[in-house]
Amino acid sequence: MYISTRGGEKLTASKAILKGLACDGGLFLPESIKKLNLDDKYFDKSYLEIAKDVFSLFLDDFTEEEIDYCINGAYNKENFANCFTKLASFNNLSFLELYHGPTLAFKDMALTILPFLIEVAKKKNNVNDKSLILVATSGDTGGAALSSFMKNDAFDTVVLYPDGGVSEIQEKQMLYYTNERTHAYAIKGNFDDCQSFVKSVFASYPKDNGILLSSANSINIGRLVPQIIYYVYAYCKLVKNGTLNKGEDFAICVPTGNFGDIFAGYLASLIGVPISKFICASNVNNVLTDFFKTGVYDKNREFKKSNSPAMDILISSNLERLVFMATGNDGARVKELMQSLNETGKYSLTQSEMQNLSNFDASFTNEEDTIKAIKKAYEELGYLIDPHTAVAYDCYNKLKINQKTLIVSTASPFKFPYTMAKALNLPSDKSEFEIIKDIATFSKVKIPYGIKKLEKCKKKTILKTKQDILDIVTYSTNKYEVIVPCSSANLGCSFDCSGVALSLYNSFYFEKSEKDQVEYGTVENNLMLKAYKIAFEKSGKPYIPVKITQGKNEVPSARGLGSSSTCIVAGVVGANLMLKNYFKKQELLEIMTEIEGHPDNVAPAFLGGFVTSCMAGGNVFTVKNHVSPKLAIYALIPDFELSTKKARGVLPETIPLKDAIHNLCRSAITAEAFLKGDMQMIKAVFDDKIHQPARFPLIKGSQKIIEIMKEKGYAVAISGAGSTLLAVGLKNNDEVSSMNIDGVKWTVKKLRVDDKGATFKKC
Ligand code: HSE
């Protein structure tokens, strides 16, 4: 069981993971801690085996299968392509590299698994609410949280970072991992402001909001426990590489900000890893150094921006856990101390309490010495370390530690190019990416892929006020505009299975209302309202009446451009917004498909791009492709409607085998034809034997148009069920303009492929 450091609560591991912070504001800690059986055989264990042991000790109510599920989901090749950690040993000093995960920082070790831990914890406790992860970051946590939670669309994630308080690479990394569910926002202030704000949101979050608010900061035990694994693993490896004897004690020296990483080391010692000294290394924000030297924690000091920004912190949240232990697990005493921190910005421990922390030592490093330490490590050890690790290395040297020591190397040096360039005497008047290339050439260390891929990221800082953030995380908006592109299905042979989203848009406003109201038709027969209601029914949540009005109206109806799909997609998306983003993307697609009957229009309208889809056993499978920029796409829209009912009514009941095969093989290469922009292939795949022969006669003048367009180099197919014709050619073909043929007026629209699909705006 887990208890709160402020004495107020006692619950299971899964509940502690779900809550993050206890109701009394305290942090969770295990009530009792068992030991690992570190016998002779133990040292051969793999990272995954050790992970399983550690989780079994700490996650008291998780089954073996649940632990396996979490481990396999996180600790795999996708997240850790080359290794989990690496150990670099130089006689009595070793560095534990914890930056081989997706975002190249130690946080990946825990954050990759946190979504799985929360997912399992929710299931165990029958929690069906949507999960929202709210994170304050001083640099690295943000990227790691976004990259991990982005992979699981059961979560919405909002990361807050101090504007100008993180490196460019860190900011790019966060922004790279943003999408419609994962957001990174800058707010004015420093990290402590971000963290205090996040804590205040947790404290005041409306209970009946239908959203489970969780944290990914190291205040959550789901963050802390995975960090214990690498201390056990490092110990085993240090024994295996001959640095340590079995059972021999050693020191750890940890660059420290929020006190999570070093505290995980402390927990590792409690389960049997022979760590006898804990060196807390700080930068110029040296509040922890003073605390360990004097017993007084005093945050009343100037906050300084340093070249080790992840440690620019004056309120180290996890220290509360150590303080709790120092007081002999006295929740009331901790409550008093934390109240004092709140009211006066400081608290003091008694001498006897400090006595319990005698195996902690601390030091700090200024900017200049951080740079010198990077240089020293490179010159003396031939080893590249980042500024945070350099802080630890400098503290280790300053304290003249004469014990075997493990320094925790928390981030890739490539994440901090300017500081690295300064230390290595490389020119720093260049862009971060140019400097990164210089560092790689100079040090002969390969640039990690996680950095390389950021170079093309063009996303920009989004600055928000605290009120904006409150609105976002509580979904306090009552009105949304949902914007949906039109779509052209079939594309010849891919009847009922492929479609492309194109740049004509319908948009609709959804507003909470006393009773249902629609602008067109009646509440009984309105397709969008029907879709809205079905989505609500599927959620099992209380219904919210809505007023639906039209915004943009660019998609002509009954012309084969997916106008009814725009209604279905908008209705379902609108319901999901009122449900505070309750459904996963895939679930939304399945609801839309069920309403439409087949996914060929709804899938591209919802997902954007060129989408091939199929339904199987109640599932919808989709493959999204891009369309070659070489292609010019025209919709030729006649001035008459053709109802889908009529166009489906003329379809043959059966088709000859050879026609089926003709269509099958062309359908299979349709996506490829568009991806390549290969006109020969496109002509082939437009030559359909299933629906077009029956439908062309319904579209007056279609044969003439096809001849005209063929001469200009275009291939023509019926768009959806018609009556629009879709003409595809190369961009250097002749332009096409509106025309009159045999009394039918054809409006010609040159369109782009829409890659975004359905989007929404708050109003
Ligand atoms: N594939 C469908 C058809 C599109 O051609 O009938 C219209 O829903």
Side-chain angles (χ1 to χ4, degrees), residues 484-502 504 506 527-528 530-531 555-572 589-607 609-616 620-623 633 635-638 640-655 659-660 662-664 666-668 670-671 674 685-699 702 715-728 751 754 757-758:
V484 190
C486 77
S487 51
S488 178
N490 301 331
L491 303 146
C493 288
S494 288
F495 176 73
D496 272 3
C497 81
S498 282
V500 63
L502 295 169
L504 290 178
N506 280 352
L527 179 60
M528 201 175 323
K530 180 180 153 197
V555 187
S557 62
R559 300 293 208 289
L561 285 167
S563 64
S564 46
S565 291
T566 65
C567 296
I568 294 169
V569 171
V572 174
L589 180 63
E590 280 164 9
I591 299 170
M592 293 165 187
T593 305
E594 192 182 315
I595 300 169
E596 174 72 348
H598 49 84
D600 64 353
N601 276 123
V602 289
F606 179 47
L607 303 173
F610 187 110
V611 183
T612 304
S613 47
C614 94
M615 286 194 290
V620 179
F621 298 101
T622 52
V623 179
I633 300 181
L636 317 178
I637 311 166
F640 59 86
E641 295 185 351
L642 175 56
S643 78
T644 303
K645 198 171 167 202
K646 188 167 175 196
R648 286 191 94 86
V650 297
L651 295 177
E653 285 285 317
T654 55
I655 50 165
D659 288 352
H662 169 105
N663 262 55
L664 268 179
R666 282 167 177 73
S667 174
T670 304
F674 276 80
V685 301
F686 272 16
D687 176 20
D688 143 80
K689 303 270 186 211
I690 294 183
H691 74 118
Q692 297 191 144
R695 284 172 170 177
F696 275 128
L698 301 178
I699 305 170
S702 51
V716 179
I718 300 177
S719 178
S723 52
T724 295
L725 299 178
L726 195 76
V728 178
L751 301 176
D754 170 285

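One-based numbering, in listed order, for ligands and for the atoms of each.
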Participant: Does the side chain of Asp496 reach to within under 4.5 Å of the side chain of Ile690, using non-hydrogen atoms?
Facilitator: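 Sidechains of Ile690 and Asp496: no contact.
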Participant: Which ligand 1 atoms, with their elements, are less than 4.0 angstrom from a heavy-atom of Gly720?
Facilitator: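 What qualifies from ligand 1 is 5 (O).
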Participant: If every non-hydrogen atom of Ser667 is compared with every non-hydrogen atom of Ser494, which pair is closest and at what distance?
Facilitator: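 Shortest heavy-atom contact: OG-OG, 3.1 Å.
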Participant: Do Pro604 and Val500 have side chains that approach each other closer than 4.5 Å (heavy atoms only, starting at C-beta)?
Facilitator: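 No; the side chains remain at least 4.5 Å from each other.
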Participant: Just jot down the ligand 1 atoms closer than 4.0 angstrom to any heavy atom of Asp496, in number order.
Facilitator: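 Selected atoms, number and element: 1 (N), 2 (C), 3 (C).
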Participant: Please confirm whether the backbone N or O of Arg666 pairs with a side-chain atom of Thr670, one donor and one acceptor, at under 3.5 Å?
Facilitator: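 Judged by distance alone, yes, a pair lies under 3.5 Å.
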Participant: Identify, for atom 3 (C) of ligand 1, the protein heavy atom at the shortest distance, and state residue, atom and that distance.
Facilitator: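 Result: Arg648 NH1, 3.1 Å.
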Participant: Between Thr644 and ligand 1, is there a nitrogen or oxygen pair with a distance under 3.5 Å?
Facilitator: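 N/O-N/O distance below 3.5 Å does not exist for this pair.
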Participant: Apply side chain to side chain contact (heavy atoms under 4.5 Å, CB included) to Ala570 and list each qualifying residue two or more places apart in sequence or on a separate chain.
Facilitator: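 Side chain to side chain contact (heavy atoms under 4.5 Å, CB included) check on Ala570 returns Val482, Val484, Phe508, Phe510, Met528.
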Participant: Just jot down the ligand 1 atoms closer than 4.0 angstrom to any heavy atom of Asn490, in number order.
Facilitator: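 That gives atoms 1 (N), 3 (C), 5 (O) of ligand 1.
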Participant: Going by distance only, is there an N or O of His691 that falls short of 3.5 Å from an N or O of ligand 1?
Facilitator: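 N/O-N/O distance below 3.5 Å does not exist for this pair.
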Participant: Check each atom of ligand 1 against the heavy atoms of Asp600 and keep those under 4.0 Å away; list them by number with element.
Facilitator: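 Numbered from 1, ligand 1 contributes 1 (N), 2 (C), 4 (C).
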Participant: With a cut-off of 4.0 Å, which atoms of ligand 1 are near a heavy atom of His598?
Facilitator: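 Near His598, meaning under 4.0 Å from one of its heavy atoms, ligand 1 has 1 (N), 2 (C), 4 (C), 8 (O).
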Participant: With the side chain counted from C-beta on, respond yes when Phe495 and Asp600 share a heavy-atom pair under 4.5 Å apart, and no when they do not.
Facilitator: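 No, side chains not in contact.
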Participant: So is Arg695 close enough to ligand 1, meaning a heavy atom under 4.0 angstrom away?
Facilitator: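 Yes.
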Participant: Among all the protein's non-hydrogen atoms, which is closest to atom 7 (C) of ligand 1, and how far away is it?
Facilitator: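 The protein heavy atom lying closest is Asn601 OD1, 3.6 Å.
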Participant: Between Ser557 and Ser563, is any side-chain donor less than 3.5 angstrom from a side-chain acceptor?
Facilitator: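 Checked: Ser557/Ser563 side chains show no N/O donor-acceptor pair below 3.5 Å.
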Participant: Please report the shortest heavy-atom distance between Arg559 and Pro556, naming the atom on each side.
Facilitator: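 Here Arg559 and Pro556 meet closest at CG-CB, 3.7 Å.
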Participant: For ligand 1, which atoms have a heavy atom of Glu596 less than 4.0 angstrom away?
Facilitator: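 Taking each heavy atom of Glu596 in turn, ligand 1 has 8 (O) under 4.0 Å.
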